[in-house]
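One structure is given here, and the rest of the page talks about it.
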Amino acid sequence: MSDSLLSQAEIDRLLNGGGSGESESVQETSSHENIRPYDPNTQRRVIRERMHSLEIINERFARQFRMDLFNLLRRNPDVTAGNITIQPYHEFARNLPVPTNLNLVHMNPLRGTALFAFSPQMISMAIDNMFGGDGSFPTKVDGREFTPTEQRIIRRIMSMALSSYDEAWSSIFKLQTEYVRSETQIKFTNITSSPNDIVVTTPFSVEIGSHSGELNICIPFSIIEPLRELLTNPPLENSKQENDQWHSTLAVQVRDAELELVAKLAEIPTHVSRIMNLKKGDVIPLDKPDTIEVCSDGLPVFRGKYGLVNKQLAVRIEKILAPSLLSFNKEK
């Protein structure tokens with residue numbers, strides 16, 4: 001029972017407005033310790049969705065790029081797509097070796113510039129194999145610029161990579177890449193407005209024999225954000241086949257539907273009083289039209305001339321009034 005009673009010190013604090021100066025200072029100090037500075041420029045954007053379609057695109061690009069490298073080098077390379085990484089641009093740039101061949105690429109019709117980065121090991125390996133070497137004496141490119149011959153070979157490999165990348169995107173989105181320029185220093189590749197902007201990077205490991213290199217594709221997230229829903233949801237491979245089958249079944253059922261056609265010979269405006277005065281033997285005059293309309297459910301379908309065929313009343317169709325019938329006839 002004594003535990004539920006307030007002590008005299010607690011009663012004094014309540015009467016004095018909730019606390020003494022010492023407790024207020026302690027509370028203020030503890031509250032300041034929990035406060036952390038917030039800088040909007042350094043905050044990382046959280047993207048939780050897994051981009052299934054982009055993984056499919058990377059796998060297709062790896063297969064196609066491997067075949068193109070085989071046709072160029074006449075060696076059997078092994079191209080493997082790594083895991084997709086979503087990170088700030090400065091973290092990606094910090095881990096690139098020097099010098100790295102950096103190629104800026106437009107991804108039309110999307111707005112922005114992507115980056116294709118070839119590691120010096122991959123360039124050295126490709127040049128050595130292209131001129132008949134087996135990689136026994138790798139060429140060191142550290143601390144120097146790429147020679148004109150190396151740049152021409154890099155340009156050929158880059159052209160094949162862009163063609164393979166377009167082909168990999170073709171089933172997801174019609175993409176047309178466009179080469180802009182090459183750089184060797186990351187500070188000249190301003191593909192983002194801020195170093196803290198989020199980019200989507202994918203490493204591709206290229207192995208020929210016992211030697212290996214790396215290709216990194218870096219895409220700012222702002223470029224592919226309009227395709228976010230398309231990239232997070234994997235496409236259905238049989239969707240087109242199912243749509244064609246559904247369309248064919250619907251067309252067959254529509255063709256078998258029964259319709260009632262009504263041919264209007266004439267319409268005579270009159271009054272109820274005149275109809276009430278009509279009696280047997282009266283004649284209602286009407287103008288003979290040159291053409292009549294054939295309607296279905298009150299909607300005009302055909303226009304033609306009426307007459308006799310084999311002693312039966314008939315209508316010869318001269319014009320189709322419903323444009324949907326023309327498109328339906330083409331599908332047939």
Do [X] and [Y] land in one hydrophobic cluster if side-chain heavy atoms of ILVMFWY residues count as linked below 4.5 Å?
X    : Y    : result
Y165 : I154 : yes
I219 : I84  : yes
F221 : Y89  : no
L110 : V105 : yes
M107 : V199 : no

Would you confirm whether [X], through its side chain, and [Y], through its main-chain N or O, come within 3.5 Å as a donor-acceptor pair?
X    : Y    : value
E91  : P88  : no
T189 : I186 : yes
T100 : P97  : yes
S159 : R156 : no
S194 : N196 : yes
T113 : L104 : no
T201 : T85  : yes
S164 : M160 : yes
D282 : L278 : no

Subject >> V315/F302 under side-chain contact (heavy atoms from CB on, under 4.5 Å): CA gap, chis, key distance, verdict >> reply: CA-CA 10 Å; V315 178; F302 305 111; over 6 Å; no
How long is the gap from [atom1] on [X] to [atom2] on [Y], to the nearest 0.5 Å?
X    : Y    : atom1 : atom2 : value
F118 : I157 : CZ    : CD1   : 6.5 Å
E59  : T80  : CD    : OG1   : 8.5 Å
K319 : I317 : NZ    : CD1   : 13.5 Å
Q87  : N95  : CD    : CG    : 7.0 Å
Q121 : H211 : CD    : NE2   : 11.5 Å
E293 : L261 : CD    : CG    : 13.0 Å

[X] atom [atom1], over 12 foreign heavy atoms within 6.0 Å:
X    : atom1 : result
E229 : CD    : no
N83  : CG    : no
I268 : CD1   : yes
R274 : CZ    : no

Shortest non-hydrogen contact between [X] and [Y], atoms and distance:
X    : Y    : answer
H106 : G112 : ND1-O, 3.5 Å
K174 : P109 : O-CD, 3.6 Å
A126 : L73  : O-CD2, 3.6 Å
D166 : Q176 : OD2-NE2, 3.8 Å
T232 : H52  : O-CD2, 3.0 Å
P77  : I208 : CB-CG1, 3.8 Å

Are the side chains of [X] and [Y] in touch, meaning some heavy atoms are under 4.5 Å apart?
X    : Y    : value
F116 : T177 : no
V309 : R316 : no
I57  : L231 : yes
L102 : L96  : yes
F61  : V79  : no

Subject >> Steps toward side-chain contact (heavy atoms from CB on, under 4.5 Å) verdict (M158, N101) >> reply: CA-CA 10 Å; M158 184 62 195; N101 179 253; 5.9 Å; no
**OP:** Please confirm whether R155 makes a cation-pi placement over Y179, using NZ or CZ under 6.0 Å from the six-membered ring centre and within 45° of the ring normal.
**Re:** yes
Subject >> side-chain contact (heavy atoms from CB on, under 4.5 Å) between L313 and L308, worked out >> reply: CA-CA 5 Å; L313 294 175; L308 293 175; 3.5 Å; yes
**OP:** For S222 and D197, run side-chain contact (heavy atoms from CB on, under 4.5 Å): C-alpha distance rounded to whole Å, both residues' side-chain angles, the deciding distance at 0.1 Å, then the answer.
**Re:** CA-CA 9 Å; S222 58; D197 288 349; over 6 Å; no
